[in-house]
Amino acid sequence: MRTRRFVALAAGACLLAGLVPPKIAPAAQSSATPAALPDAVLTDRTAARLGVAVGDTVEIAANAALRDAGRFIVGGIYRPHADPFEVGHEQLHVTLHLPDLERLMQVDDRVDRFTAKLSDPAAARRVADEINALRIGVAAYTSQQLADANSSTFVVISQFHKAIGVVSMLAGLVFLIAIMVLKVEEMRRVLGVLRLIGISRRTVLRSVLLIAALVSLLGSVVGIGLAHIAVAIINPASQARYDTDLIFAHITPGIVVLAVGLAIPMGLLAGWLVARRIVHGNPLDQIGR
Amino acid sequence: MSERLVSARDLAKDYQLDGFAIHALRSVTLEVHAGEFISIMGASGCGKSTLLHILGAVDVPSAGELTLFGRNAAELTDAERTALRLHHLGFVFQRFFLLPMLTAAENVMLPLMEAGLARRQREERVHEVMEYVGLAQRMRHKPGQLSGGEQQRVAIARALVNRPQLLLADEPTGELDEATGEQIAELLQRLHADGTAIVLVTHNPELAARATRQLRMRDGQIEPPMEGAP
Ligand SMILES: Nc1ncnc2c1ncn2[C@@H]1O[C@H](COP(=O)(O)OP(=O)(O)OP(=O)(O)O)[C@@H](O)[C@H]1O
Ligand SMILES: [Mg+2]
């Protein structure tokens with residue numbers, strides 16, 4: 001068997017919940033000497049919520065009543081990677097050394113999950129497969145696999161958003177046709193005059209469609225511009241609101257293609273529906289004699 | 001005898017309105033020859049515009065025979081009638097009917113584009129015809145920036161630009177004051193002198209008097225010439 005190199009992560013084992021979430025509270029008074037206490041690492045949000053800084057003492061317990069609480073000194077504060085699942089949730093995270101955690105939870109020799117970082121990240125898949133093949137009661141996943149599994153909710157949500165977008169564009173089409181039908185009196189006159197001076201139906205229809213295409217293209221460009229402005233407002237505002245680095249709104253090429261690909265045929269359809277009726281009428285009726 | 005542009009026999013035009021028929025034209029027989037200047041007068045509602053529209057291949061008669069530029073009008077498709085309007089006929093209306101979003105020159109250029117002329121030729125023609133109507137200086141102006149008389153001259157330029165054999169004018173001075181109407185009348189006379197046939201509908205006897213043949217309509221028919229008329 002080949003040698004595999006594992007490097008254990010950060011401060012011993014990481015607590016990834018799974019057990020009863022520990023209860024943390026700032027210690028009322030730090031009577032004990034700080035040097036004698038074990039240290040714990042807090043997320044920035046936890047620290048802010050508790051109002052503690054590095055060097056302060058906190059009490060942590062595995063139950064809400066703070067029974068059998070342990071005292072820890074805040075050894076560090078870090079900003080975790082943003083996780084969309086946690087947006088809007090007030091979750092407090094603390095990282096302890098494994099023996100401290102076991103003592104607190106009153107369990108022995110129990111680790112639900114841990115993360116291993118490979119010196120060669122590209123080998124993740126192969127290493128995970130090899131670990132799984134050992135059948136030692138451990139299931140290994142690459143971070144990509146975890147990300148894929150966890151993002152399925154977001155794929156559904158983004159499909160949902162897409163559906164909302166398409167529906168609102170179709171509603172817009174109805175609105176557009178209504179406006180064009182109202183505007184049709186003006187258009188009638190112009191098209192009637194064109195027909196009267198000998199411009200063929202084909203030319204008139206083609207011109208209307210060309211204009212419709214240009215207008216919808218222009219509309220798409222304006223819409224995409226507005227979307228970029230909206231993104232420029234939504235992202236910083238939401239990031240500040242939820243105190244996260246997550247990107248809330250993002251315009252992908254796929255969305256642009258979808259929007260333009262819907263807008264232009266819809267504009268053409270609306271133009272065609274209106275122009276076709278006019279072009280087949282009597283030009284004398286259209287100019288209002 | 002000069003070339004016969006339009007020949008109509010026993011034309012009738014009925015409109016069905018709420019189940020009863022309006023006889024806009026009852027029996028009109030008329031020939032228009034190349035270079036002729038015909039004026040048509042008559043009371044409101046006697047069918048002058050209706051006749052003009054039928055002669056101009058815009059409308060179709062309910063009965064009667066009509067030959068337009070050597071073709072039997074009854075056999076023409078809509079596309080063929082459109083092509084006749086483009087190449088052989090010019091229309092001038094009381095209300096000008098210029099496209100407000102286009103400049104004078106662009107309005108005049110429309111029929112040339114449809115006719116498929118090259119750009120250079122189009123520009124030359126537009127310039128030529130705008131000069132003819134005395135508006136070479138106003139080519140870039142939009143209809144809203146022109147007076148009524150000027151707009152009507154642009155409309156006449158548009159009607160002339162494809163060099164039609166026949167110009168049909170329906171009360172072209174109807175919305176103009178006397179002096180401006182006079183300019184239009186002079187323009188029409190010059191056009192006639194240069195060889196274009198004109199059928200002019202008007203309520204203005206002085207204007208009608210300039211035509212080489214003056215007709216009167218009544219109740220959907222052309223009245224027989226009065227005693228002593230030429
Ligand atoms: N589309 C139409 N539907 C029904 N009736 C019509 C229509 N067009 C014209 N008529 C009727 O036909 C008759 C002749 O109309 P036309 O417009 O030819 O009169 P006109 O001699 O040009 O009148 P004016 O001097 O007022 O312009 C009128 O009684 C008019 O009401
Ligand atoms: Mg009339």
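Every chain is numbered from 1, with letters handed out A, B, ... down the list of sequences.
Contact detail for L188(B) and I198(B): the closest heavy-atom pair is O-CD1, 3.3 Å. When all heavy atoms are compared, the tightest approach of L160(B) to V129(B) is CB-CG2, 3.9 Å. Closest non-hydrogen pair, S39(B) versus A208(B), comes out as OG-O, 3.0 Å. Heavy atoms only, all atoms of each residue included: H250(A) and I255(A) are closest at O-CD1, 3.8 Å. Of all non-hydrogen atoms in I77(A) and A47(A), the two that sit nearest each other are CD1-CB, 3.5 Å.
Salt-bridge formation is not detected for the pair R85(B)/E114(B): no Lys NZ or Arg NE/NH1/NH2 atom is positioned less than 4.0 Å from an Asp or Glu carboxylate oxygen. In this structure, R79(A) pairs ionically with D243(A), as a charged nitrogen and a carboxylate oxygen lie closer than 4.0 Å.
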Open item on the list: side-chain hydrogen bond (donor to acceptor under 3.5 Å, both in side chains) for Q183(B) and R153(B)? Distances and angles first, verdict last.
Closed with: CA-CA 9 Å; Q183(B) 288 180 351; R153(B) 276 144 69 197; 3.2 Å; yes
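When atom types are taken as modelled, the side chain of Q152(B) and the backbone of P172(B) share a donor-acceptor pair closer than 3.5 angstrom. Looking at R122(B), its side chain never comes within 3.5 Å of a backbone N or O of M109(B) through a donor-acceptor pair.
For V190(A), the parts lying near chain B are the backbone and the side chain together; criterion is any non-hydrogen pair under 4.5 Å. Interface remark: M113(B) contributes no atoms to any contact with chain A (heavy atom separation under 4.5 Å).
Among the candidates L110(B), L84(B), D78(B), the residue making the largest number of heavy-atom pairs closer than 4.5 Å to chain A is D78(B).
Cation-pi contact between R158(B) and F96(B): absent, since separation from the ring centre below 6.0 Å together with deviation from the ring axis within 45° is not met.
Contacts of residues 200-214 of chain A with chain B at a heavy-atom distance below 4.5 Å involve S200(A), R201(A), T203(A), listed in sequence order. Residues of residues 215-238 of chain A having a heavy atom under 4.5 Å from any heavy atom of chain B: none.
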